[in-house]
2 protein chains.
Amino acid sequence: MPRPPEKKRSNLRDVAAHAGVSVATVSRVLNASGRVSPETRARVQAAIAELRFRPLAAARAINSGRSRMIGALLPSLDNSTYARVIDGLEARLAEHDLSLMVARTGEDRQVELARARQLLEAGAEGLFLAGRTRAPALLELIAHYRLPAIMLAYWDPDGPIPSVSYDNVAAVAAAADHLRGLGHREIAVIHGPRATNDRTAQRLETLAALGDGLRYAPFETELSFAGGAAAARRIAQARGPATAALCFSDMLAMGAMAGFQSAGLVIPRDMSVLGIEDLPAAAATHPPLTSVRLQVQRMGEEAGEAMARWVETGERPAPLCLDCELIVRASTAPPRG
Amino acid sequence: MPRPPEKKRSNLRDVAAHAGVSVATVSRVLNASGRVSPETRARVQAAIAELRFRPLAAARAINSGRSRMIGALLPSLDNSTYARVIDGLEARLAEHDLSLMVARTGEDRQVELARARQLLEAGAEGLFLAGRTRAPALLELIAHYRLPAIMLAYWDPDGPIPSVSYDNVAAVAAAADHLRGLGHREIAVIHGPRATNDRTAQRLETLAALGDGLRYAPFETELSFAGGAAAARRIAQARGPATAALCFSDMLAMGAMAGFQSAGLVIPRDMSVLGIEDLPAAAATHPPLTSVRLQVQRMGEEAGEAMARWVETGERPAPLCLDCELIVRASTAPPRG
DNA sequence: ATGAAAGCGCTAACAC
DNA sequence: GTGTTAGCGCTTTCAT
């Protein structure tokens with residue numbers, strides 16, 4: 001099946017010839033560098049328009065050494081939290097005329113390494129990484145090439161890679177403190193896979209180290225609404241002592257509410273439910289969800305801004321820790337009796 | 001603030017010198033093209049490893065004319081539906097060693113055009129576009145450069161851009177048919193912004209043209225969980241005749257359920273709620289949500305596959321329409337009385 | 001099996 | 001102000 005020949009893309013030379021100037025002059029008007037007389041500029045621009053000339057990114061990149069592309073390695077894209085992160089990243093990068101390439105890692109460090117290599121070979125000038133755990137080879141790659149890399153979703157001011165993150169430790173502590181203050185003593189903790197997710201692990205360790213006299217019973221499940229619902233059903237059926245469920249994300253919490261309600265429990269009368277993230281949806285659930293607000297989108301924006309500055313100026317950004325805030329709504333109340 | 005000099009990236013020449021061969025030979029082992037003796041290959045590979053050589057994408061691109069990057073222009077990234085699309089796209093493109101660049105358009109055709117230009121200048125070889133409405137200049141751009149472009153989320157077999165999509169018309173018809181079959185006659189329709197979203201407009205027009213004797217009262221709201229909840233509260237307060245709410249997405253439907261429940265209605269006894277999309281969460285809501293399953297992730301995968309083939313072989317893909325399926329759960333029932 | 005050399009489209013010295 | 005030209009790092013003939 002022969003396809004009709006596509007019109008050959010015109011290049012700088014074509015434009016130069018068409019405008020009756022040199023390639024250097026065309027390059028100058030393209031980059032607004034150097035002085036060009038208004039008349040010449042106009043002629044060149046006319047030629048550009050007429051030939052529908054678009055400079056080839058690769059050719060620019062090869063000379064300037066800049067690709068203007070940044071890669072993001074995220075556990076999954078099909079997840080409300082990371083979708084918000086991407087949204088924030090892209091918004092800020094776009095302002096700096098930087099493009100965002102995304103890749104999924106599935107929380108697998110080998111996949112992360114492989115996808116990082118791919119993004120780098122595709123020309124990424126910088127990388128966003130989620131969490132702290134990396135394949136050593138990736139760390140080494142970053143160090144060796146002095147590659148701009150920013151760590152998201154894990155606050156670690158002393159690591160080799162600057163963090164731009166919310167504070168998981170503070171978030172979990174705020175959540176636990178709220179439940180303790182209400183009088184809860186037996187807490188079911190609904191969380192995603194611990195083994196592969198260092199943010200989850202850190203939160204769990206934080207709870208364990210709190211020494212606040214509460215008892216935390218962990219319920220691991222899939223990190224999703226459906227996972228939260230399944231965990232809640234398990235909790236309800238077990239008829240354990242838990243009077244509150246601390247969920248490590250709002251999606252888990254929303255699912256947990258549905259799960260408890262399906263089991264006939266009334267929230268917060270029979271069970272308090274608390275989320276972490278404060279999705280926009282949290283204010284509209286039934287009942288409205290108490291949650292610890294994480295500045296997820298802002299994290300994306302700040303990280304995007306920091307990366308833009310890094311690749312433009314070469315200045316490594318200072319780590320940034322975004323604070324969190326407990327938003328008390330109606331899904332938590334003192335335990336019965 | 002002077003930064004320490006980064007180790008200079010080594011290039012083909014360095015590798016060639018290090019291995020005692022010519023650049024052509026190194027290029028051959030890199031591309032597995034042409035014959036190279038095992039010993040030479042080994043020497044070259046050792047040199048590559050030792051110098052940590054990574055070929056520069058831009059330089060390859062300039063020769064091959066291929067950037068191996070595809071751009072996706074999506075209304076928002078912070079949206080469960082599009083997050084699933086991106087997930088599917090990225091998964092398939094990665095298999096073909098293609099990278100995905102994403103950009104948000106906010107349903108604004110001028111923004112879409114501007115971001116498309118940016119992605120193209122960044123080197124995108126192909127574009128994914130959501131919906132059918134475009135700025136004429138973008139259409140022209142695509143036609144002029146014979147740019148591989150695939151339309152998502154809008155089935156239009158005859159348009160200038162091949163669709164890979166689910167079928168909005170069939171989905172809405174299936175939803176309406178289900179409600180009619182249950183005996184509902186007065187239907188509240190909860191939907192996102194109509195003016196800027198041609199998928200929403202098409203669905204609304206489909207309902208209007210159905211001639212099935214049902215009365216559809218549209219409630220426009222923000223396309224989100226919170227928007228669905230707000231619409232439901234409006235509907236509940238209005239105390240209108242509606243006995244069912246047809247929601248144009250599952251997120252809207254989940255929000256609507258919460259909104260109705262907050263208003264004291266019991267689903268489906270007082271109000272049937274029906275979604276479109278069938279998110280994984282739909283099976284776990286309280287009550288489980290009746291929804292029309294749209295193959296969103298599969299759409300992403302199929303589109304990714306089609307694009308990969310298109311840029312590899314030059315063959316324009318055939319349009320693909322994914323069918324939908326009504327999944328009846330517990331959020332719909334015959335009206336009371 | 002390997003190498004020499006000619007570009008690819010563009011930028012950036014440098015010359016006029 | 002404008003042009004000339006030497007690359008950038010790689011692929012790809014075409015010789016050998």
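Note on naming: letters A, B, ... go to the chains in the order of the sequence lines (proteins, then strands), and numbering restarts at 1 for each one. Quick caveat, the model's predicted, so the values are computed rather than measured.
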Ranking dT2(D), dG3(C), dA1(C) by distance to the side chain of Thr25(B), first place goes to dG3(C)
Checking all strands, does Val26(A) fall into the base, sugar-phosphate, or nothing category for heavy-atom contacts under 4.0 angstrom? nothing
Mind listing the closest non-hydrogen atom pair of Arg199(B) and Gly131(B) along with its distance? CD-CA, 3.6 Å
Would you indicate what Leu56(A) reaches in the nucleic acid, counting non-hydrogen atoms under 4.0 angstrom: base, sugar-phosphate, or nothing? sugar-phosphate
Please determine whether a side-chain nitrogen or oxygen atom of Thr40(B) lies at a distance below 4.0 Å from atom OP1 or OP2 of dA1(C). no
Separation of dT11(D) atom P from Glu121(A) atom CD, nearest Å, is 11 Å
Reckon Asn11(B) has a side-chain N or O less than 4.0 Å from the OP1 or OP2 of dC8(D)? no
Give the rounded distance in Å between these two atoms: CG of Leu30(A) and P of dC10(C). 8 Å
Mind calculating the distance between CG (Asn63(A)) and P (dT5(D)) to the nearest angstrom? 18 Å
Pro38(A) vs Arg54(B), nearer the 5' end of DNA chain D by closest nucleotide: Pro38(A)
Quiz question: by atom type and distance under 3.5 Å, do the side chains of Asn31(B) and Arg60(B) form a donor-acceptor pair? yes
Could you check Ala59(B) against Ala24(A) and say which one's nearest nucleotide on DNA chain C is further toward the 5' end? Ala59(B)
To the nearest angstrom, how far is Arg35(B) atom CZ from dT2(C) atom P? 11 Å
With respect to the side chain of Arg60(A), which nucleotide from dT11(C), dT13(D), dG1(D) is positioned closest? dT11(C)
In whole angstroms, how far is the C1' atom of dC10(C) from the CG atom of Asn31(A)? 9 Å
Side-chain heavy atoms of Glu312(A) within contact of Leu98(A), under 4.5 Å: yes
Looking only at side-chain atoms of Arg28(A), point me to the closest of dT2(C), dG1(D), dT2(D). dT2(D)
For a quick test of reading the model: is some side-chain N or O of Ser33(B) closer than 4.0 Å to OP1 or OP2 of dT12(D)? no
Is any side-chain heavy atom of Ile86(B) less than 4.5 Å from a side-chain heavy atom of Tyr82(A)? no
With DNA chain C as reference, determine whether Arg13(A) or Ser27(A) sits nearer its 5' end, using the nearest nucleotide of each. Arg13(A)
So, Arg109(A) and Glu112(A), do they make that salt bridge, N to O below 4.0 Å? yes
Quick one: is dT2(C) close enough that its OP1 or OP2 comes under 4.0 Å of any side-chain N or O from Ser22(B)? no
Could you tell me the separation between the CD1 atom of Ile62(A) and the P atom of dT11(C), rounded to a whole number of Å? 12 Å
OP1 or OP2 of dC10(D) versus the side-chain N and O atoms of Ser64(B): is any pair under 4.0 Å? no
Leu12(A) near the nucleic acid: base, sugar-phosphate alone, or nothing, with a heavy-atom cut-off under 4.0 Å? base
